[in-house]
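Encoded as structure tokens, the structure appears first; notes follow it.
Numbers restart at 1 for each chain; the letters A, B, ... are given by sequence-line order, proteins then strands. Below, each value reflects all heavy atoms present in this structure, side chains not excepted, and no hydrogens, waters or symmetry copies.
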Amino acid sequence: MLTIELPDGSTRQYSQPVRPVDIAAEIGAGLAKATLAASIDGRVVGADTPLPEAGRVQLRILTKKDPEALAVMRHSCAHVMARAVMRLFPDVKLAFGPTIENGYYYDFDMPHKLTEEDFPKIEAEMARIIKADEPFERQVEPREKALALCQQLGQPFKVEHIETGLSQDPTLSFYRQGEFIDLCRGPHVPGAGKIGAFKLLSVAGAYWKGDAERQQLQRLYGTAFFSREELDAHLARLEEAKRRDHRVLGKQLELFSVNPLVGSGLILWLPRGAVIRGELENFVRGELIKRGYEPVYTPHIGRVELYMTSGHFPYYADSQFKPIEISEDERYLLKPMNCPHHIMIYKSRPRSYRDLPLRLAEFGTVYRYEQSGELGGMTRVRGFTQDDAHLFCTEEQVADEFRSCLEMTQFVLKSLGLDDYRVRLGFRDPKSDKYVGSAESWERAERALEEVCRGMNLPRLDIERGEAAFYGPKADFVVADCLGREWQLGTVQLDYNLPGAERFGLEYIGADNTPHRPVMIHRAPLGSMERFIGVLIEHFAGAFPLWLAPEQVRVLVVSEKVEAFGRQVEQRLREAGLRVTGDYRAEKIGSKIRDAQLKLVPYMLVCGAREAEQGTVAVRDRIEGDLGAMPVEAAVDKLLAEVAAKTVRKVVRSEFGGQKKDASGTDY
RNA sequence: GCUGCUGUAGCUCAGUCGGUAGAGCGCGUCCUUGGUAAGGACGAGGUCAAGGGUUCAAGUCCCUUCAGCAGCUCCA
């Protein structure tokens, strides 16, 4: 006897074998027709999956109202896409084709190079398949038969996957749809007709099983929704995200520039971008002083031997600019990190426990030779400035210092209204040999770090193996850009290795008058100025809060007759320390307002004959519009107060998740 | 680094079959002197990314390099 519990709390009992689709039909013909899949005890399955013969299960019939059903439908759409591609092109070998955050992809190996020009053809074929509405039929085979089937189908990737990734599975499932049959875990919607509005988005290379040593496949990306309206809304969101892209806004608003003659991945900060960076640096510097840090300055290069000692040179030679060679035994490296220099400042004299914790801070510019394919905008560059600091402390001080670093990072992000982030604990991958230091010191560091983090209220905290720095575990603040790509910003890293005897051999004299080894913490709340401001541009969609805005206020004169008054107002604002410009062109006021709005200037001061006579200005807020006239001094006070408070009035949220594999609808 | 796409005025882009280069915005000058998101006229501005090749002729076709974009791989 099987007892089915439905979401409304009602139960049904069956002594015959039964499938979700049968139960849906019992409830009503309408539901049966709308059924796309089912959830048994929280597990998403096809609507025709036999239910257990006995026991008690919770069943949900999934229709297009359920988010799980969308993922199932998209996976079915990926199959339809693969079927269409196989119909149109010869010798197509199928790899994986899962559902992802906002759609799906399928990887192919085929002689024809897919381009966007092929999309309409493929989409038309997909539409034909969907119109034909053939069912997705599940078929389960024992290993041997499955293997033979894949061989017979001429699908070497599927054969390999059965032999390797699925070596433990006694039976394997296939889904057939007309002439198309594919090794697939499922589930799928009952028939192709359930697929709604779809669109192919892009084609790109991808490696088989993610291994760069292996052959490269063609990955076709698409998305699908149940309705045309939802698809259009999604495409509109993508367009909106593109408009907010920091590379687009950075050019439009003249914030930064990259020039091939200077070198790719090397940012030129234009005056307006430099203002934002300068303000942020001032803000962070103020916090550092309050929190007991000591600013230092160090050079951009150092002897190769320094990085031999630190381990940077041997471990990361590939991703560094080649050394500058003066003579055979005199070579310099552009610094890839600031810590060795700061360590040498620590070592510039003997240290006592009374000196600790010692906190050395520097906006330090570092250079890393990133792979060319990785470069882009300000978020992945070859030269960047970290808001870096290194803390040297005793073992007893580690937890408090680490916690206060995390708190400072949280404070800084909160001050900018950046609260849409997750915290990733990067631990070492025990299987890898890229790390320095003993297993014991790693375990100690990871334990200490996890304990501190668990004790704080950090959003979406999770541990990721293999994400550690080579010298120690870390806590990263990760944010997504407007296209859903994740970036590490702030970071706090624990280091028991660089101070060690086999590296720099740092010491301090303890209260017991004997030498002890300090512990190091590396931390950067913003991460790098380049990446942080890139993300910030998207976060604010270019409309920065008043205290950061490159141009805070613009004086607009209604006619040239009041230019003299306008210039007086402009001068008064400049004296008050505001970043101000004036628009005295022979244009109409509406045109000047439009230009200032488009340049995202936070405030406009409109000056006409009335204002000139009364010594007032008509304040226009970029967001709220016309605020009416007020005395010049009142306007100055209002703006200065908003600057001082660092008020954040508006942010733009990222509407896209990452392109990570979805849990459901994954091919084998 | 790999695969694919792209590179034309300051910006966004058009440019047919290979036949000596175009728009809008911006910029400059002049007219207009105005009241909260585009007033009007005229004008300047190009080594068509760079180099090589095919051709009577190349922005257009081919090759190489550089750069950008998407994804993969990597990422202290």
* Could you tell me how the ring of A:Tyr315 sits relative to the ring of A:Phe470: parallel (under 30°), tilted (30 to 60°) or perpendicular (over 60°)? => parallel

* **Per A:Ser591 side chain, nearest of listed nucleotides B:rG34, B:rC5, B:rA38** => B:rA38

* To do: Answer yes if the side chains of A:Tyr603 and A:Glu642 hold a donor-acceptor pair under 3.5 Å, and no otherwise.
  => yes

* Structure fact -> Judged by nearest nucleotide, the residue sitting upstream toward the 5' end of RNA chain B, A:Ala206 or A:Lys251, is A:Lys251

* To do: Would you mind reading off the distance between A:Gln386 atom CD and B:rC75 atom C1', rounded to a whole angstrom?
  => 13 Å

* Check: B:rC75 base within 3.5 Å donor-acceptor of A:Glu370 side chain -> no

* **Proximity to the side chain of A:Val558 - top-ranked nucleotide from B:rG34, B:rC74, B:rU36** => B:rG34

* **Over-ring placement of A:Arg382 relative to A:Tyr369, 6.0 Å and 45° cut-offs** => yes

* Structure fact -> Among the nucleotides B:rA37, B:rU36, B:rG34, whichever has the atom closest to the side chain of A:Gln597 is B:rA37

* To do: Using the P atom as the reference point in each nucleotide, state the distance between B:rC42 and B:rG24 in Å, no decimals.
  => 11 Å

* Asked: Tell me, what's RNA chain B's dot-bracket, Watson-Crick or G-U with both distances under 3.5 Å, | for other-strand, [ ] crossing?
  -> (((((((..((((.....[..)))).(((((.......))))).....(((((..]....))))))))))))....

* Can a donor-acceptor pair be found between the side chains of A:Gln488 and A:Lys474 at a distance below 3.5 Å? -> yes

* Asked: A:Tyr496 and A:Trp442: aromatic ring centres closer than 6.0 Å?
  -> no

* Asked: Is the shortest side-chain N/O distance from A:Ser319 to OP1 or OP2 of B:rA76 below 4.0 Å?
  -> no

* Do A:His390 and A:Asp495 have side-chain N/O donor and acceptor atoms under 3.5 Å apart? -> no

* Could you tell me the separation between the OH atom of A:Tyr603 and the C1' atom of B:rA37, rounded to a whole number of Å? => 18 Å

* When you check the phosphate oxygens OP1 and OP2 of B:rA76, does a side-chain N or O of A:Lys434 lie under 4.0 Å from one of them? -> yes

* **Given B:rG35, B:rG34, B:rU36, the nucleotide with the shortest approach to the side chain of A:Arg610** => B:rG35

* Asked: So, are A:Glu446 and A:Arg465 salt-bridged, with charged N and O less than 4.0 Å apart?
  -> yes

Output a table of nitrogen or oxygen pairs between the protein and nucleotides 67-70 of chain B separated by less than 3.5 Å.
residue, atom, partner, partner atom, Å
B:rC69, OP1, A:Arg247, NH1, 3.2
B:rA70, OP1, A:Arg247, NH1, 3.3
B:rA70, OP1, A:Arg247, NH2, 2.7
B:rA70, OP1, A:Arg485, NH1, 3.2
B:rA70, OP1, A:Arg485, NH2, 3.2
B:rA70, OP2, A:Arg247, NH1, 3.0

* Closest to the A:Arg620 side chain, choosing from B:rG1, B:rA37, B:rA76 -> B:rA37

* Is A:Arg368 side chain donor-acceptor paired with the B:rC75 base, going by distance under 3.5 Å alone? -> no

* Can you tell which of B:rC27, B:rC2, B:rA76 lies closest to the side chain of A:Arg585? -> B:rC27

* Asked: B:rU55 and B:rG45: how far apart are their P atoms, nearest whole angstrom?
  -> 36 Å

* Given the C1' atoms of B:rG46 and B:rC13, what is the spacing between them in whole Å? -> 15 Å

* Rounded distance in Å between the C1' positions of B:rA9 and B:rC62 -> 28 Å

* For B:rG26 and B:rC75, measure between their C1' atoms and round to the nearest Å. => 40 Å

* When the P atoms of B:rC48 and B:rC56 are considered, how many whole Å apart are they? -> 22 Å

* Under 3.5 Å, is there an N or O donor on one side and an acceptor on the other linking the side chain of A:Gln216 and the base of B:rC2? -> yes

* **B:rU8 to B:rA41 separation - C1' atoms, rounded to the nearest Å** => 28 Å

* Asked: Thinking salt bridges, do A:Asp595 and A:Arg554 make one under a 4.0 Å N-O criterion?
  -> no

* Quick one: which residue pairs count as a side-chain hydrogen bond (donor to acceptor under 3.5 Å, both in side chains) with a foot in residues 604-618 of chain A, not counting sequence neighbours? => none

* Asked: Looking at the side chain of A:Val606, which of B:rG39, B:rA76, B:rU36 is the nearest nucleotide?
  -> B:rU36

* Could you give the distance separating B:rA57 and B:rU20 at their P atoms, to the nearest angstrom? => 14 Å

* To do: Could you check which of B:rA38, B:rG34, B:rU36 has an atom nearest any side-chain atom of A:Asp626?
  => B:rU36

* Whole-Å distance separating the CD atom of A:Glu587 from the C1' atom of B:rC27 -> 12 Å

* Asked: Quick one: A:Lys588 NZ to B:rU33 P, roughly how many Å, whole number?
  -> 11 Å

* **Under 5.5 Å and under 30°: A:Tyr316 stacked on B:rA76** => yes

* Measure distances between side-chain N and O atoms of A:Glu254 and base N and O atoms of B:rG10, and say whether any donor-acceptor pair falls under 3.5 Å. => no

* Asked: Which residue lies toward the 5' end of RNA chain B, A:Gln218 or A:Asp595, if each is placed at its nearest nucleotide?
  -> A:Gln218

